[in-house]
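Because the structure is a prediction, the values reported are computed rather than measured. Indexing begins at 1, ligand by ligand and atom by atom, following the structure's order. We're numbering straight along the sequence, starting at 1.
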Amino acid sequence: MIRLWHVPQSRSFRVLWALEEIGAEHDVIPCSFFDRSLRDPDHLARSPAGRVPAVEIDGQAMCESGAILLYLAETRAPHLRVAEGAPGRAAFLQALHYAETLGAHLANLTQQHIVLREDWMRSPTVMRLEAKRLENALRAVGPGWAAGTFGVADITLGYAVWMARRFVELPAGAAAFLAACEARAAFQRAVARDGPAQIYTRDFYAAPEG
Ligand SMILES: N[C@@H](CCC(=O)N[C@@H](CS)C(=O)NCC(=O)O)C(=O)O
């Protein structure tokens with residue numbers, strides 16, 4: 001049995017979506033950023049930084065979403081990854097990790113717009129710069145970008161683009177890529193199971209004029 005500690009809209013959505021794609025039996029343990037449960041010693045034993053996702057899988061704890069997705073593919077769904085030595089492996093790895101380039105800007109924008117609650121704490125310059133850098137990074141993403149066929153790299157990227165639409169107008173290629181992700185039945189099932197919004201309560205967070 002796989003157990004997933006999950007906060008709606010967070011990176012644990014990547015794992016939720018992957019589990020739906022695979023059809024693997026699992027339990028979801030809903031968590032909150034607001035009740036300090038992620039700082040409990042039990043949770044810190046699973047995730048030393050006190051974050052989500054955390055999983056128990058095959059008798060071990062894991063807490064890095066990219067590693068969890070790759071492990072799930074290797075152990076349960078080889079069609080969702082490109083194997084070592086197979087054609088397309090380099091593009092697959094590139095896409096899997098390019099999601100982190102997008103993720104760095106998303107984390108900064110989330111911190112500026114949402115985590116910092118008072119205007120005096122925020123930097124309009126950082127908000128504009130991060131939105132611009134996110135938009136530029138998104139220009140590399142297009143339909144079938146990851147490896148030609150759908151796999152876990154599309155999940156890491158798809159989640160990032162899904163979040164990015166709250167901060168920037170998506171370039172055409174990224175919008176088409178997201179539309180393909182959103183059309184997947186497994187994505188729709190994961191959205192239905194995600195839970196009430198905890199992070200993003202607005203559809204769009206515009207950068208301040210400057
Ligand atoms: N590299 C980790 C990052 C995990 C992470 O930062 N998760 C965020 C939610 S998206 C979190 O739990 N934040 C809570 C905190 O920082 O206290 C991954 O991809 O799984």
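A donor-acceptor pair under 3.5 Å is absent between the side-chain atoms of R89 and the main chain of A86, judged by distance alone. Not a single donor-acceptor pair under 3.5 Å links the side chain of Y200 to the backbone N or O of A197. The backbone N or O of A137 sits less than 3.5 Å from a side-chain atom of Y98, completing a donor-acceptor pair.
Geometrically, ligand 1 and S10 share no nitrogen or oxygen pair separated by less than 3.5 Å. Residue R39 has at least one N or O atom closer than 3.5 Å to an N or O atom of ligand 1. Below 3.5 Å of separation, one finds an N or O of R11 facing an N or O of ligand 1. Inclusion of V52 in the set of residues having an N or O under 3.5 Å from an N or O of ligand 1 is warranted.
The ligand atoms of ligand 1 that sit less than 4.0 angstrom from a heavy atom of P53 are 20 (O).
When non-hydrogen atoms are compared, ligand 1 lies under 4.0 Å from the backbone of C63 (N, CA, C, O) but not from its side chain.
Among protein heavy atoms, the minimum distance from atom 20 (O) of ligand 1 is reached at S65 N, 2.9 Å. In terms of protein heavy-atom proximity, atom 14 (C) of ligand 1 is closest to F33 CE2, 3.5 Å. Of the protein's non-hydrogen atoms, R51 NE, 3.5 Å is the one closest to atom 16 (O) of ligand 1.
The ring of H113 has its center closer than 6.0 angstrom to the ring center of F167.
Between P53 and H6, the closest side-chain pair of non-hydrogen atoms is not below 4.5 Å.
Taking a cutoff of 4.0 Å between a charged side-chain nitrogen and a carboxylate oxygen, R184 and E20 do not qualify as a salt bridge. Salt bridge annotation for E100-R11: present, with a cationic side-chain nitrogen under 4.0 angstrom from a carboxylate oxygen.
The heavy atom nearest to atom 1 (N) of ligand 1, out of those in E100, E64, Q9, M163, is found in E64.
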